[in-house]
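This report refers to the structure that appears directly beneath it.
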Protein chains: 2
Amino acid sequence: MLRLSKLTDYAVVVMARLARDGALPDGQVQTAPGLALATGIAEPTVSKVLKSLGQAGLVEGLRGARGGYRLTRPLEDVPLSEVIVAIDGPIALTACVDGGLGSCEAEGICAVRGRWDPVNDAIRRALSGITLADLAGVPRRRPATMLAQLVAE
Amino acid sequence: MLRLSKLTDYAVVVMARLARDGALPDGQVQTAPGLALATGIAEPTVSKVLKSLGQAGLVEGLRGARGGYRLTRPLEDVPLSEVIVAIDGPIALTACVDGGLGSCEAEGICAVRGRWDPVNDAIRRALSGITLADLAGVPRRRPATMLAQLVAE
DNA sequence: TCAAAGGGGACCCCATTGGTCCTATTTAGA
DNA sequence: TCTAAATAGGACCAATGGGGTCCCCTTTGA
């Protein structure tokens with residue numbers, strides 16, 4: 001169905017919540033349990049998502065008592081593609097692409113070999129053109145009706 | 001990993017092969033077993049793919065002895081998005097989107113509710129801009145180096 | 001009349017993903 | 001100095017759904 005993982009969905013929700021609650025760069029932090037409560041997502045799952053986001057540098061985790069998480073960038077500066085990569089790994093629509101040689105038994109006769117690249121590029125571009133600010137309910141710089149056009153540019 | 005199904009990959013390969021072997025609109029037909037042999041994909045799988053493509057109107061199946069399949073349109077006129085829809089169903093990145101109300105327990109507090117639409121639109125546009133001719137090794141109207149730009153338009 | 005082909009399902013298996021849990025490590029505050 | 005609260009990291013389990021196979025029916029040319 002060409003769907004992205006639920007975890008990625010959660011990641012967007014969590015980051016949007018961080019922004020809404022003021023956990024901005026150099027701002028106050030929000031704890032994982034708190035975010036779980038606020039978003040309705042199970043606490044262990046929230047933690048898991050935040051860990052991945054932390055490794056990707058999209059959020060900053062402060063350890064210890066009174067610790068928590070906050071964004072490292074405002075939502076407008078976070079393209080959706082980065083979140084997807086952080087959670088799901090590299091964006092590549094087919095196994096062929098990242099597997100290299102030897103991963104496909106039909107290699108010799110495959111008529112489409114190596115031709116998925118433009119597709120992957122197109123998807124990456126589309127997803128890079130959308131920021132988390134577009135997805136969250138926070139103030140946007142442009143009217144909503146223009147989003148589709150922007151996104152398709 | 002945001003990947004599309006293997007079946008879709010197979011579908012593209014099979015359709016490219018149909019074109020290459022002259023199974024064009026109003027042309028000769030190719031049998032499923034023959035295509036399996038030519039592509040290296042298992043015969044039952046090829047059949048499965050062709051059935052789906054047939055239901056979507058992308059290929060035409062002629063029954064009976066000397067039957068087989070042929071394209072209903074040249075590859076240039078088949079956007080990749082149609083193939084994906086034929087095999088995988090509607091292009092919708094998240095369960096939220098097509099599930100309607102009641103399918104998400106966090107509905108009340110979800111900050112991203114209903115905001116995935118621009119993402120889905122962007123993906124659809126990107127995939128509609130690529131035709132099977134771009135993916136197959138068949139003669140193209142434009143130099144390969146321009147593909148990425150075209151695709152991203 | 002037969003054989004070769006497509007049409008439409010049912011069916012099983014397994015890989016991936018979602019989700020949970022446990023154990024370190026860090027750090028503010030009493 | 002000690003404790004509690006929090007992140008960091010990873011191991012682990014369960015289930016969904018997709019890949020793949022198979023079967024039976026219908027159609028049709030020879």
Side-chain angles (χ1 to χ4, degrees), chain A residues 1-11 13-14 18 23 28-37 39-70 72 84 87-89 92-95 99 103-106, chain B residues 1-11 13-14 18 23 28-37 39-70 84 87-89 93-95 99 103-106:
Chain A
M1 203 221 295
L2 186 70
R3 72 179 187 291
L4 52 80
S5 73
K6 268 190 183 177
L7 273 295
T8 303
D9 192 359
Y10 295 157
V13 172
V14 166
L18 278 172
Q28 57 185 342
V29 297
Q30 291 289 324
T31 70
L35 288 165
L37 219 44
T39 59
I41 304 170
E43 194 262 322
T45 303
V46 172
S47 288
K48 188 178 194 173
V49 164
L50 285 168
K51 286 172 203 168
S52 297
L53 293 175
Q55 289 176 334
L58 293 175
V59 303
E60 177 188 17
L62 302 188
R63 307 177 72 166
R66 298 297 170 102
Y69 293 93
R70 66 185 166 205
T72 57
I84 294 175
I87 303 290
D88 283 346
L93 289 183
T94 57
S103 57
C104 175
E105 56 288 346
Chain B
M1 203 221 294
L2 184 73
R3 71 180 185 293
L4 52 79
S5 73
K6 268 191 183 178
L7 274 293
T8 303
D9 192 0
Y10 294 158
V13 172
V14 167
L18 278 173
Q28 58 184 343
V29 297
Q30 291 289 324
T31 70
L35 288 165
L37 220 44
T39 59
I41 304 169
E43 195 261 323
T45 303
V46 171
S47 289
K48 189 178 194 173
V49 164
L50 285 167
K51 286 172 203 168
S52 297
L53 292 176
Q55 289 176 334
L58 292 176
V59 303
E60 177 187 18
L62 302 187
R63 305 177 72 165
R66 298 299 170 103
Y69 292 93
R70 66 185 165 203
I84 295 174
I87 303 292
D88 283 345
L93 289 184
T94 56
S103 58
C104 175
E105 56 288 346

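Numbers restart at 1 for each chain; the letters A, B, ... are given by sequence-line order, proteins then strands.
The distance between atom OH of Y10(B) and atom P of dG19(D), rounded to the nearest whole Å, is 8 Å. Straight-line distance from the CD1 atom of I87(A) to the P atom of dG18(C): 10 Å, rounded to whole Å. The separation between Y69(A) atom OH and dA6(D) atom P is 12 Å, rounded to whole Å. At whole-Å resolution of the value, CD1 in I84(A) and P in dT17(C) are 14 Å apart. Per the geometry, CG belonging to L37(B) stands 12 Å off P belonging to dA5(C), to the nearest Å. The CZ-P distance, from R70(A) to dA6(D), rounds to 16 Å in whole Å. Distance, I41(B) CD1 to dG20(D) P: 9 Å, rounded to whole Å. The CG-P distance, from D88(B) to dG19(D), rounds to 7 Å in whole Å.
Among the heavy atoms of the strands lying under 4.0 Å from G68(B) are primed sugar atoms or P, OP1, OP2 only; no base atom is included. No contact: L50(B) has no heavy atom under 4.0 Å from any strand.
By the side-chain contact (heavy atoms from CB on, under 4.5 Å) test, P33(A) is found to be paired with T31(A), E43(A), residues two or more places apart in sequence or in another chain being considered. In terms of the side-chain hydrogen bond (donor to acceptor under 3.5 Å, both in side chains) criterion, Q28(B) has no residue partners (sequence neighbours excluded). T8(A) is linked by a side-chain hydrogen bond (donor to acceptor under 3.5 Å, both in side chains) to S5(A), D88(A), counting only residues two or more places apart in sequence or in another chain.
Of all the heavy atoms in V46(B) and A32(B), the pair that sits closest is CG1-O, 3.8 Å.
Comparing dG18(D), dA6(D), dG6(C) against the side chain of T31(A) picks out dA6(D) as the nearest. Side-chain proximity of L7(B) to dT21(D), dG19(D), dA8(D): nearest is dG19(D).
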>> One character per nucleotide, please: for nucleotides 9-16 of chain D, 5' to 3', B when the base has a protein heavy atom closer than 4.0 Å, S when only the sugar-phosphate does, - otherwise.
In response: BB------
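Using a 4.5 Å heavy-atom threshold, the side chains of T45(B) and Y10(B) count as touching.
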Let me check something: any side-chain donor-acceptor pairs from residues 49-68 of chain A under 3.5 Å, sequence neighbours excluded? List them with distances.
residue : atom : partner : partner atom : Å
S52(A)  : OG   : K48(A)  : O            : 3.4
E60(A)  : OE1  : R70(A)  : NE           : 2.9

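The 5' end of DNA chain C is approached more closely, in terms of each residue's nearest nucleotide, by L62(B) than by the other of L62(B) and T8(A).
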Distances under 3.5 Å between nitrogen or oxygen atoms of protein and nucleotides 26-29 of chain C:
residue : atom : partner : partner atom : Å
dT26(C) : O2   : G64(A)  : N            : 3.3
dT27(C) : O2   : A65(A)  : N            : 3.3

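Considering only side-chain N and O atoms, T45(A) lies under 4.0 angstrom from the phosphate OP1 or OP2 of dT20(C).
Separation of atoms CG (L7(B)) and CD1 (I84(B)) is listed at 12.5 Å; rounding is to 0.5 Å. Interatomic distance, OG of S47(A) versus CG of L35(A), reported as 9.0 Å (0.5 Å rounding).
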